[in-house]
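Notes follow once the structure below has been shown.
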Amino acid sequence: LSGPMLSRSAFNEALPQLLARLSGRLSWPMRLATVGAESDTPVMELQTSFLVAGPAADASDSAPVLVQVRLHIGFSSAYACPVLHFCLSQPDGVPLAASDAADFVRVNVESSTGEAAGQLDLASVLSQVPHPQLGCPMYTLHPCRTAELIGRLTSASEADRDGSGEVRDTNAAALAVLSWLTVYGRAVGLQVPPECFL
């Protein structure tokens, strides 16, 4: 891993601050929740719906379709960084096929602007895995390059880190997660406004 790593405790303490920074600035309903059997593992849950172009494979049905998005911002112990788990489904609850999910991610990233988003092919790190607490299949953007990205986007000072290089300061951790979310959130249409950093 290159770049700053987060401790689980700093991440857990940063979530309420992240919620406060995003609340009222996004149209997505959001809340802090504990999911599954591990009540000491909070996630931030957000939900929304989008009208997107119909499936390209069926030219006769190019009418926009409603896609429901439910996402969890959680913590990856293995990579010591935030991780995004999300479900993409039709209004009747039927999940999008993997190819449609990849197209959804690709279109959202291509329609957003930003140097970091252009340098990171988010569709290439898209996979479907069991949610670590719920066990149900969800899409995720694999966190293998997250520490590197956070390192490029933030400047956590040595005072914010412990001897192992982990970011432990709650404010620095919240800003690191917010910086990461400005890039990774684009994959699901989440646009973090600049005023969230003030």
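No experiment lies behind these values; they were computed from the predicted model shown.
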Residue list, side-chain hydrogen bond (donor to acceptor under 3.5 Å, both in side chains) with S23, at least two apart or on another chain: none

Parallel, tilted or perpendicular, as decided by the 30° and 60° cut-offs, for the rings of Y79 and H142: perpendicular

Partner residues of C87 under the side chain to side chain contact (heavy atoms under 4.5 Å, CB included) criterion, sequence neighbours left out: R70, M138

Candidate pair L141 and F86, rule side-chain contact (heavy atoms from CB on, under 4.5 Å), full reasoning: CA-CA 9 Å; L141 299 172; F86 57 97; 4.1 Å; yes

Reported CZ-to-CG distance for the pair R21 and L181, which is rounded to 0.5 angstrom: 12.5 Å

Listed partners of Q90 passing side chain to side chain contact (heavy atoms under 4.5 Å, CB included), at least two apart: D92, V94, L96

Heavy-atom pair with the smallest gap, counting every atom of P42 and N12: CD-OD1, 3.5 Å

Shortest non-hydrogen contact between L84 and W180, atoms and distance: N-CZ2, 3.8 Å

Non-neighbouring partners of S89 that pass side chain to side chain contact (heavy atoms under 4.5 Å, CB included), sequence neighbours left out: Q68

Non-hydrogen side-chain atoms of N108 and F104 separated by less than 4.5 Å: yes

Nearest non-hydrogen partners of F11 and P82, listed with the distance: CE1-CB, 4.0 Å

Close side-chain approach of Q133 and V43, heavy atoms under 4.5 Å: yes

V105 with V129, same ILVMFWY side-chain cluster at under 4.5 Å: no

Salt bridge (charged side-chain N to carboxylate O under 4.0 Å, His left out) involving R106 - partner list, sequence neighbours excluded: D103

side-chain hydrogen bond (donor to acceptor under 3.5 Å, both in side chains) involving E45 - partner list, sequence neighbours excluded: R31, H72

Least distance between heavy atoms, L18 atom then A174 atom: CD1-O, 4.3 Å

P29: partners by side chain to side chain contact (heavy atoms under 4.5 Å, CB included), with sequence neighbours left out: none

Verdict with supporting geometry, L6 and V177, side-chain contact (heavy atoms from CB on, under 4.5 Å): CA-CA 9 Å; L6 300 174; V177 175; 3.8 Å; yes

Closest non-hydrogen atom pair, Q128 against P137: NE2-CB, 3.9 Å

Linked, directly or transitively: V83 and I73 (ILVMFWY side chains, under 4.5 Å): no

Contact summary for L126 and A102, nearest pair of heavy atoms: CD2-CA, 3.6 Å

Cluster check L175, M30: I/L/V/M/F/W/Y, side chain < 4.5 angstrom: yes

Side-chain heavy atoms of T48 within contact of V188, under 4.5 Å: no

CG on L178 to CG on L22, rounded to 0.5 Å: 6.0 Å

